[in-house]
There are 2 protein chains.
Amino acid sequence: MRQLTRKGAATRQRILEGAALHIREHGVADTTLDDILARTSTSKSQLFHYFPGGREELLLAVARLEADRVLEDQQPQLGDLTSWDAWRQWRDRVVERYRAQGSQCPLNSVMSQLRGNTPGAQAVVTELMNHWQAELAAGVRHMQAAGEIDPGLDPGQAAAALLAGIQGGVLIQLSTGRTTHLEAALDLGLAYLRTGRPPSS
Amino acid sequence: MRQLTRKGAATRQRILEGAALHIREHGVADTTLDDILARTSTSKSQLFHYFPGGREELLLAVARLEADRVLEDQQPQLGDLTSWDAWRQWRDRVVERYRAQGSQCPLNSVMSQLRGNTPGAQAVVTELMNHWQAELAAGVRHMQAAGEIDPGLDPGQAAAALLAGIQGGVLIQLSTGRTTHLEAALDLGLAYLRTGRPPSS
DNA sequence: TCCCGACTGGACGTGGCAGTCCAGCCTATG
DNA sequence: CATAGGCTGGACTGCCACGTCCAGTCGGGA
């Protein structure tokens with residue numbers, strides 16, 4: 001993988017996206033390398049050419065892809081939590097995203113297949129969580145600066161709790177198919193932020 | 001499986017517990033039927049005699065076992081959330097349990113291996129969540145009756161949010177190894193319950 | 001005591017899937 | 001236009017885990 005020509009990069013990308021798509025549709029357990037090859041019109045040698053680590057490496061790359069998508073799907077709202085209205089829009093966006101996703105969580109699914117929590121896999125998720133939490137904390141701090149949230153509240157802790165609620169809500173949705181827990185976590189989380197007695201409302 | 005003699009029941013139990021233990025130690029992906037047989041001093045024919053559905057059926061049985069354990073490990077506190085002190089003890093118990101468990105969640109692990117969310121598997125988790133949430137809701141209602149929590153709060157929703165926070169906290173712990181999110185979710189969740197302006201404190 | 005059915009051991013078949021290999025093609029570059 | 005090295009096809013290997021099968025033992029009820 002010293003040099004990648006334009007063509008090579010395209011092939012690699014095709015494999016990666018095809019893998020991600022097939023996993024989204026069928027789950028990781030039911031996704032073989034041959035499935036991916038058939039779907040992307042590529043051959044074994046190509047797959048191992050671009051992902052020398054084989055299945056493991058490909059899965060990790062898919063995990064990175066999906067992790068990026070998680071945050072992208074929340075933009076631009078997530079990056080601009082500067083009013084209660086923005087928070088509400090973000091909340092709706094998150095619920096809608098996961099409702100649409102249904103009972104498949106590609107990231108969780110991929111993660112649990114990666115050999116006993118490979119360091120690389122852990123890193124992907126940890127980074128996602130850190131980034132996500134940082135965005136939420138920034139939003140909290142912004143609201144504090146605007147006098148809308150009690151300045152005594154720890155933004156990091158609040159963001160951590162909110163994030164945990166989201167993750168759990170989604171996890172529960174995977175089994176129950178309902179987004180009630182996700183919505184409850186978000187709604188009560190936001191309600192708690194507001195208990196910092198804003199001047200108005 | 002029409003009749004089970006005492007001996008037969010013992011063998012079945014031995015296989016089940018051996019499987020659960022091996023999965024706890026090595027993860028589902030690295031657990032083969034042969035591993036379990038070796039560990040429990042049983043043979044293929046026995047395993048398929050007691051679990052005609054093979055690996056799938058055995059895994060589901062393990063899932064049930066682990067699901068029961070989750071709630072058992074929170075007793076007696078979970079069933080008696082009748083004072084703030086009881087809630088705090090319960091909170092500590094939960095954190096301790098998952099801290100001890102470390103980066104392995106047998107239930108989540110087993111679940112994600114079961115064929116694209118088998119109805120049976122979903123049922124196990126759904127029932128666990130329902131039961132868990134019901135206990136929490138009962139605790140909330142009890143505190144409301146005692147005048148310690150705002151009666152306007154919806155116990156079901158509060159319990160759902162709390163439960164989501166726990167699940168997410170544990171999930172995050174699987175990747176990060178830290179219980180900070182779990183604790184944040186529990187602490188802020190309980191803090192929110194208390195915002196119902198108790199007469200004292 | 002007899003006998004049926006539950007129980008057990010372990011050899012065996014089988015399929016499927018990750019990963020290897022090599023021969024040949026394409027494409028940038030000098 | 002030549003050539004080196006990236007790129008591609010697909011047959012092949014090796015493995016291993018699941019599940020089957022059958023022969024044989026045990027155990028409890030009549």
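The shown structure was predicted, so the numbers you read here are calculated from the model rather than taken from an experiment. Chain A is the first sequence line, chain B the second, and so forth, proteins listed ahead of strands; every chain is numbered from 1.
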Taking the minimum atom-to-atom distance to the side chain of [X], which one of [options] wins?
X: B:Ser45; options: D:dG27, C:dT27, C:dG10; result: C:dG10
X: A:Tyr50; options: D:dC7, C:dT8, D:dT20; result: D:dC7
X: A:Leu33; options: D:dT8, D:dC18, C:dA18; result: C:dA18

In whole Å, what is the span from the [atom1] atom of [X] to the [atom2] atom of [N]?
X: A:Leu4; N: C:dA28; atom1: CG; atom2: C1'; answer: 14 Å
X: A:Gln113; N: C:dC17; atom1: CD; atom2: C1'; answer: 14 Å
X: A:Arg6; N: C:dT27; atom1: CZ; atom2: C1'; answer: 12 Å
X: B:Leu47; N: D:dA17; atom1: CG; atom2: C1'; answer: 13 Å
X: A:His49; N: C:dC25; atom1: NE2; atom2: C1'; answer: 13 Å
X: B:Ile36; N: D:dG19; atom1: CD1; atom2: P; answer: 11 Å
X: B:Leu37; N: C:dT8; atom1: CG; atom2: C1'; answer: 12 Å
X: A:Leu58; N: C:dC17; atom1: CG; atom2: C1'; answer: 14 Å

Would you call [X]-[Y] a salt bridge at under 4.0 Å N-O?
X: A:Arg91; Y: A:Glu183; result: yes
X: B:Arg99; Y: B:Glu96; result: yes
X: B:Arg93; Y: B:Asp73; result: no
X: A:Asp68; Y: A:Arg64; result: no

*Assess whether one donor atom and one acceptor atom, taken from the side chain of B:Lys44 and the base of C:dG10, lie less than 3.5 Å apart.*
no

*Is the phosphate of C:dT8, meaning OP1 or OP2, less than 4.0 Å from a side-chain N or O of B:Gln46?*
yes

*A:Thr42 side chain N/O closer than 4.0 Å to the phosphate oxygens (OP1, OP2) of D:dT8?*
no

*Quick one: label A:Lys7 by what it contacts on the DNA or RNA (base, sugar-phosphate, nothing), any heavy atom closer than 4.0 Å.*
sugar-phosphate

*What heavy-atom pair brings A:Leu128 and A:Ala67 nearest, and what distance separates the two atoms?*
CD1-O, 3.6 Å

